[in-house]
Amino acid sequence: MSAEIRIVFLAVILSSSAGLGSVVVDDYVIVHLKPPSSSRTSQLKSSIENNGRIVGGVEALPNEFPWQAYLQVETVGNNGGYYSCGGSLIADKWILTAAHCLDIPNEPVKSVTVYLGAHNIGETFENNRERYIGYSFVRHSNWNSNTMAGDIALINLTTTVTYSKYIRPIELANANEPNHVNDLVTVAGWGLTGGNFHDSEILHKVTVPVIPKSECKFNYGDIISDDIICTSGSNNRGTCNGDSGGPLNYQGPDGAWKQIGIVSFGSGDGCQMNRPNGYTRISSYSSWIQNASNSGGKQISAFLSSSLLFSILLVITCVGPLA
């Protein structure tokens, strides 16, 4: 009999807001982004004041995970709302993250600022940290906050990322990836601590084992499908609020890293309750990722061009012909 446990998203909401539109094209929900508010463009520290770290983990080495991204998301509203999530660099203009990081009810996303090469996000300046602006994002059309299905999204950047020793993409699991049950995997993030909620502006990591689907299903019921990976939460180790969207990493025998999951959800009982953590399984969405980042970019451009043309025609129609 499965335990009755509330599912909580692992994004940290920093203030509230409200509205932008979107369009569905095939398996993509495409949303155009605006530039971040000028008053907040340099205020990285103020957006993470209530953040902590991975629970039960240790501090990561600076740039140990050069694909790790920190997302500062701005939602629409009179005063503006901001929250934080994680992500991963998978190509020179694409960031992979969770759909729920870009889907706050009644608070459409206005802008996304992406930081790469970061370690201590409380510092005003870091030598290896670079800032990028989101142009648009693509969310899976099957995303369902009740079942956690399709919890995957891609952010298209306005400019190309320059790779270095400190900033480079992660290899992704393909459709034939094994289930990794009992394998040790590593997740990193700037999310909240469980219980104490102490500030920690430095990237932390934790290594945990992948557990069988049946064990995870016992805790969360029928929402656990083959498209979800779960890791053990025993010994109070795992992810917490603010880690959402970050990569679940597996290091092979050859030392090479591969992303096999995206931080998706945890237990509503709390982050240090020995409950499993849930992740979107990358191998289940490998074709979607490839299509969205290849053809999806063209569809985004086509959609935005059509929207612009419609706006121009609407203005002409409203104004009418000149006398």
Side-chain angles (χ1 to χ4, degrees), residues 5-11 20-33 69 71 73 75 83 85-88 90-91 94-109 112 134 136-156 170 172-177 179-180 187 210 213 216-217 219-231 239 243-248 259-268 276-297 299-300 303:
I5 296 174
R6 292 176 293 112
I7 304 293
V8 293
F9 301 149
L10 301 178
L20 297 175
S22 63
V23 65
V24 179
V25 181
D26 296 330
D27 289 332
Y28 318 117
V29 176
I30 303 169
V31 179
H32 180 45
L33 295 168
L71 310 183
V73 182
T75 56
Y83 62 95
C85 262
S88 56
I90 64 166
W94 292 97
I95 302 294
L96 183 64
T97 189
H100 78 263
C101 286
L102 304 170
D103 183 32
I104 301 299
N106 302 315
E107 296 185 21
V109 174
V112 179
S136 56
F137 68 81
V138 188
R139 194 173 62 235
H140 200 290
S141 60
N142 290 339
W143 157 237
N144 185 318
S145 60
N146 294 316
T147 65
M148 304 309 295
D151 193 10
I152 185 170
L154 285 164
I155 299 168
N156 187 215
I170 177 71
L172 298 180
N174 59 40
N176 298 317
E177 192 73 16
N179 62 24
H180 289 289
V187 61
V210 175
K213 176 183 173 182
C216 197
K217 203 167 184 177
N219 285 270
Y220 297 120
D222 290 338
I223 71 162
I224 305 302
S225 69
D226 291 337
D227 299 332
I228 292 175
I229 297 178
C230 290
T231 59
T239 57
D243 294 323
S244 276
L248 180 66
Q259 182 177 351
I260 64 170
I262 302 168
V263 179
S264 181
F265 63 88
S267 169
N277 295 124
Y279 308 77
T280 302
R281 187 183 295 274
I282 295 290
S283 59
S284 296
Y285 297 94
S286 58
S287 295
W288 183 89
I289 294 170
Q290 184 174 1
N291 292 336
S293 58
N294 291 335
S295 62
Q299 291 177 331
I300 290 169
F303 157 60

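Counting begins at 1 with the first residue of the sequence. Note that the structure is a prediction, hence the values are computed from the model and not measured.
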Atom OG of S284 and atom CG of D227: how far apart are they, to the nearest 0.5 Å?
3.5 Å
N142 meets the side-chain contact (heavy atoms from CB on, under 4.5 Å) criterion, sequence neighbours left out, with H140
Would you check if the side chain of D243 reaches a backbone N or O of T239 as a donor-acceptor pair within less than 3.5 Å?
no
Partners of Y285 by side chain to side chain donor-acceptor pair (under 3.5 Å), sequence neighbours excluded?
none
Atom of R139, atom of A153 and distance for their closest heavy-atom approach:
CA-CB, 4.1 Å
Taking the six-membered ring for Trp, are F265 and Y279 closer than 6.0 Å centroid to centroid?
no
Set of side-chain contact (heavy atoms from CB on, under 4.5 Å) partners for T147, sequence neighbours left out:
N144, A149
Looking at H100, is its backbone amide N or carbonyl O close enough to the side chain of D151 to form a donor-acceptor pair, meaning the two atoms are under 3.5 Å apart?
yes
Nearest 0.5 angstrom please: I155 CD1 to S136 OG, how far?
9.5 Å
Judged by modelled atom types alone, do D103 and W143 share a side-chain donor-acceptor pair under 3.5 Å?
yes
Closest contact, heavy atoms only, I224 versus C216:
CD1-SG, 3.7 Å
Considering residues at least two apart in sequence or located in another chain, which fulfil the side chain to side chain donor-acceptor pair (under 3.5 Å) criterion with N176?
none
When you look at V263 and N277, which way does the side chain to side chain contact (heavy atoms under 4.5 Å, CB included) test go after all the steps?
CA-CA 8 Å; V263 179; N277 295 124; over 6 Å; no
Side chains of V210 and N179, heavy atoms from C-beta outward: is any pair under 4.5 Å?
no
Working for side chain to side chain donor-acceptor pair (under 3.5 Å), residues S286 and N174
CA-CA 6 Å; S286 58; N174 59 40; over 6 Å; no
CG on D222 to NZ on K217, rounded to 0.5 Å:
5.0 Å
Determine whether V112 and L102 make a side-chain contact, defined as any pair of heavy atoms from C-beta on separated by less than 4.5 Å.
yes
L154 and I289: which non-hydrogen atoms are nearest, and at how many Å?
CD1-O, 3.9 Å
Pairing residues for S283 by the side chain to side chain donor-acceptor pair (under 3.5 Å) criterion, not counting sequence neighbours
none
Using side chain to side chain contact (heavy atoms under 4.5 Å, CB included), reason through E177 and I282 one step at a time and then give a plain yes or no.
CA-CA 9 Å; E177 192 73 16; I282 295 290; over 6 Å; no
Interatomic distance, CD1@I95 vs OG@S293, rounded to 0.5 Å, equals 12.0 Å
Within this structure, what is the CG-CD1 distance for the pair L96 and I90, rounded to the nearest 0.5 Å?
5.0 Å
Are W288 and I152 packed together at the side-chain level, in the sense that at least one heavy-atom pair is separated by less than 4.5 angstrom?
yes
Salt-bridge present (R281, D226; N to O < 4.0 Å)
no
Heavy-atom donor-acceptor pair, Y220 side chain to P276 backbone, under 3.5 Å:
yes
Is there a side-chain contact between I104 and V109, using heavy atoms and a 4.5 Å cut-off?
no
Between OG on residue S264 and CE on residue M148, distance to nearest 0.5 Å
3.5 Å
What are the two closest non-hydrogen atoms of I170 and S88, and how far apart are they?
CG2-CB, 4.2 Å
Identify the two heavy atoms, one from C230 and one from I228, that lie closest to each other, and give their separation to 0.1 Å.
SG-CG2, 4.1 Å
Looking only at non-hydrogen atoms, find the nearest pair between V187 and L248 and report the distance.
CB-CD1, 4.2 Å
